[in-house]
Amino acid sequence: MRSDEKGFTLAELLIVVAIVLVLVAVAIPIFTSQIERSREATDQANIRSAMAELKADVLSGSYDQKIAAEPTSYQVRLEQGQQAWQVTEQADEADDPFADVARISGMPQPQGTATLTYDATREKGAVLTYGGEGSSDPSLEVADPQNSLFQALLANPLSDLSCYDSEHPTHKTIQGMNETLAADGTFSKDIASWTIVNPKAQGNFGSADSIRSQADQLYYIWTTVPIKDKRGQQVPVVMSHTENGKTTWTVGQVKVTRGDDERYNVIERDAVGRHPRHKDYDVNTVIVNDESKKEFQDYSQAASYYQKLAAKMS
């Protein structure tokens, strides 16, 4: 008696196996990413809880006694499995665990720690320090340095510069600005080099009143990486620009090039477009590495992303 039943051919079985493998290959990274997001959400919730406890103890006057008895009173053990925050955007400002932090030091590490302390000399007194192997990467003040740079520019004698570079070895205005910034308690001591560019200036910034009137034209770029010996190399930078009351922070990487002579290096001014004297200059052009460029509306999140980029480039 002959049977009419048929089985699958080898080709059909291979096709099914291939489809399953493709689905698995797609699903595993998504699943892993969701697990990491869940871990980071837990870590950030725990940091918020520690922050709330620290605030309550500062207000009640029990902070000093508590921290003296147990230095890790406000320490959180991190559950995340990857270095740095993989998710930097916050859905709601009220949910941002870093909103009341004056300074972030280091970088979140897998199975590391996040320790909160209080610094009464700062407007936002909380200081967040990450611990664990590899946590001592470059960091940035959460307090945006842009205002400090602007005030230092106004406070010092002005000259015929259209670009102000922190590395200039002899210029009195730059020296005065660096001294002003060194005395500024809100300016990051981690920032190794900075530049201010007025791409629309025709030769110079002009007077202090002129600078105030041109505030929306100024671009600020800074890095935690010393650039003295890095000519021709890429360094991570934060660039900020305020226009019509709205500030945008761009994190990316740019090349270190020479200054007006061979004596010093500068962060490449083309980070904000072509040199202002070039006819084909476009003020809207932002030249940074496309693979790492990212824009933020919140500076603390830009600082966190900068830390991740700096660690990647080191």
J.: For Ser240 and Gln146, test the side chains for any donor-to-acceptor distance below 3.5 angstrom and give the result as yes or no.
T.: yes

J.: Looking at Ala302 and Val251, what are the two nearest heavy atoms and their distance?
T.: O-CG2, 3.5 Å

J.: Thr223 and Tyr306: side-chain donor and acceptor closer than 3.5 Å?
T.: yes

J.: In Å and rounded to the nearest 0.5 Å, what is the CD to CG distance from Gln175 to Asn156?
T.: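 The distance works out to 10.5 Å.
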
J.: List the atom of Ala114, the atom of Ile47, and the distance in Å for their closest heavy-atom pair.
T.: CB-CD1, 4.0 Å

J.: Taking the side chain from His241 and the backbone from Asp216, do they hold a donor-acceptor pair closer than 3.5 Å?
T.: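 Yes; at least one donor-acceptor contact below 3.5 Å.
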
J.: For Leu154 and Gln151, run side-chain contact (heavy atoms from CB on, under 4.5 Å): C-alpha distance rounded to whole Å, both residues' side-chain angles, the deciding distance at 0.1 Å, then the answer.
T.: CA-CA 5 Å; Leu154 293 176; Gln151 295 302 322; 4.2 Å; yes

J.: Is any side-chain heavy atom of Tyr63 closer than 4.5 Å to one of Thr117?
T.: yes

J.: Side-chain donor-acceptor pair under 3.5 Å between Asp57 and Tyr118, yes or no?
T.: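 Side-chain D/A pair, Asp57 to Tyr118: absent.
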
J.: How far does CG of Asn147 sit from OG1 of Thr242, to the nearest 0.5 angstrom?
T.: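 These two atoms lie 9.5 Å from each other.
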
J.: Looking only at heavy atoms, which two atoms of Leu181 and Ser148 are closest? And how far apart?
T.: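 Residues Leu181 and Ser148, closest heavy atoms: CD2-O, 3.6 Å.
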
J.: List the atom of Ser193, the atom of Glu167, and the distance in Å for their closest heavy-atom pair.
T.: OG-OE2, 2.9 Å

J.: Decide yes or no for Lys294 and Thr250: does some side-chain heavy atom of the first lie under 4.5 Å from some side-chain heavy atom of the second?
T.: no

J.: Quick check against the 3.5 Å criterion: does Asp43 have a side-chain atom that pairs as donor or acceptor with the backbone of Glu79?
T.: yes

J.: So, taking the atom named NZ in Lys255 and the one named CZ in Arg231, what distance separates them when rounded to the nearest 0.5 Å?
T.: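 Spacing of NZ (Lys255) from CZ (Arg231) equals 11.0 Å.
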
J.: Take Gln253 and Lys312 through the side-chain contact (heavy atoms from CB on, under 4.5 Å) test and state the conclusion after the steps.
T.: CA-CA 11 Å; Gln253 57 193 61; Lys312 180 180 178 182; over 6 Å; no

J.: Members other than Leu59 in its cluster, when Ile, Leu, Val, Met, Phe, Trp, Tyr link by side-chain heavy atoms under 4.5 Å?
T.: none

J.: Quick one: side chain to side chain donor-acceptor pair (under 3.5 Å) pairs with a partner in residues 18-34, sequence neighbours left out?
T.: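 Passing the test, one end in residues 18-34: no pairs.
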
J.: Out of the candidates Leu23, Leu21, Val16, Val17, only one should pair with Ile19 under the side chain to side chain contact (heavy atoms under 4.5 Å, CB included) rule; please name it.
T.: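 With Ile19 as partner, Leu23, Leu21, Val16, Val17 yield a single side chain to side chain contact (heavy atoms under 4.5 Å, CB included), made by Leu23.
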
J.: Side chains of Glu295 and Thr248: do they bring a donor and an acceptor to under 3.5 Å?
T.: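 Result is no, nothing qualifies.
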
J.: Using only atom types and a distance under 3.5 Å, with no angle test, would you say the side chain of Gln233 pairs donor to acceptor with the backbone of Val256?
T.: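 The answer is no, because no donor-acceptor pair under 3.5 Å joins these two groups.
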
J.: Between atom CD of Gln82 and atom CZ of Arg39, what is the distance when rounded to the nearest 0.5 Å?
T.: 9.0 Å

J.: Does atom CD of Glu12 have more than 12 heavy-atom neighbours, drawn from other residues, nucleotides or ligands, at distances under 6.0 Å?
T.: yes

J.: Can you give me the closest heavy-atom contact between Thr72 and Glu70, atom names plus distance?
T.: OG1-OE2, 2.6 Å

J.: How long is the span from the CH2 atom in Trp222 to the OG1 atom in Thr195, to the nearest 0.5 Å?
T.: 11.5 Å

J.: What residue among Thr247, Ile196, Leu153, Val197 forms side chain to side chain contact (heavy atoms under 4.5 Å, CB included) with Tyr220?
T.: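 Of the listed options, the one satisfying the test is Ile196.
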
J.: Backbone N or O of Met177 within a donor-acceptor pair of the Tyr164 side chain at under 3.5 Å?
T.: no

J.: Give, for atom CD1 of Ile191 and atom OG1 of Thr224, the distance between the pair rounded to the nearest 0.5 Å.
T.: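 So the gap between those two atoms works out to 8.5 Å.
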
J.: Does the side chain of Asn178 come under 3.5 Å of the side chain of Trp194 through a donor N or O and an acceptor N or O?
T.: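 Result is yes, a qualifying pair exists.
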
J.: Counting N and O atoms only, with roles assigned by atom type, does the side chain of Asp184 sit under 3.5 Å from a partner on the main chain of Thr180, one being a donor and the other an acceptor?
T.: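 Side chain of Asp184 to backbone of Thr180, a donor-acceptor pair under 3.5 Å: no, none is there.
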
J.: Identify the heavy atoms of Met239 and Ile221 that sit nearest to each other, and give their distance.
T.: CG-CG1, 3.8 Å

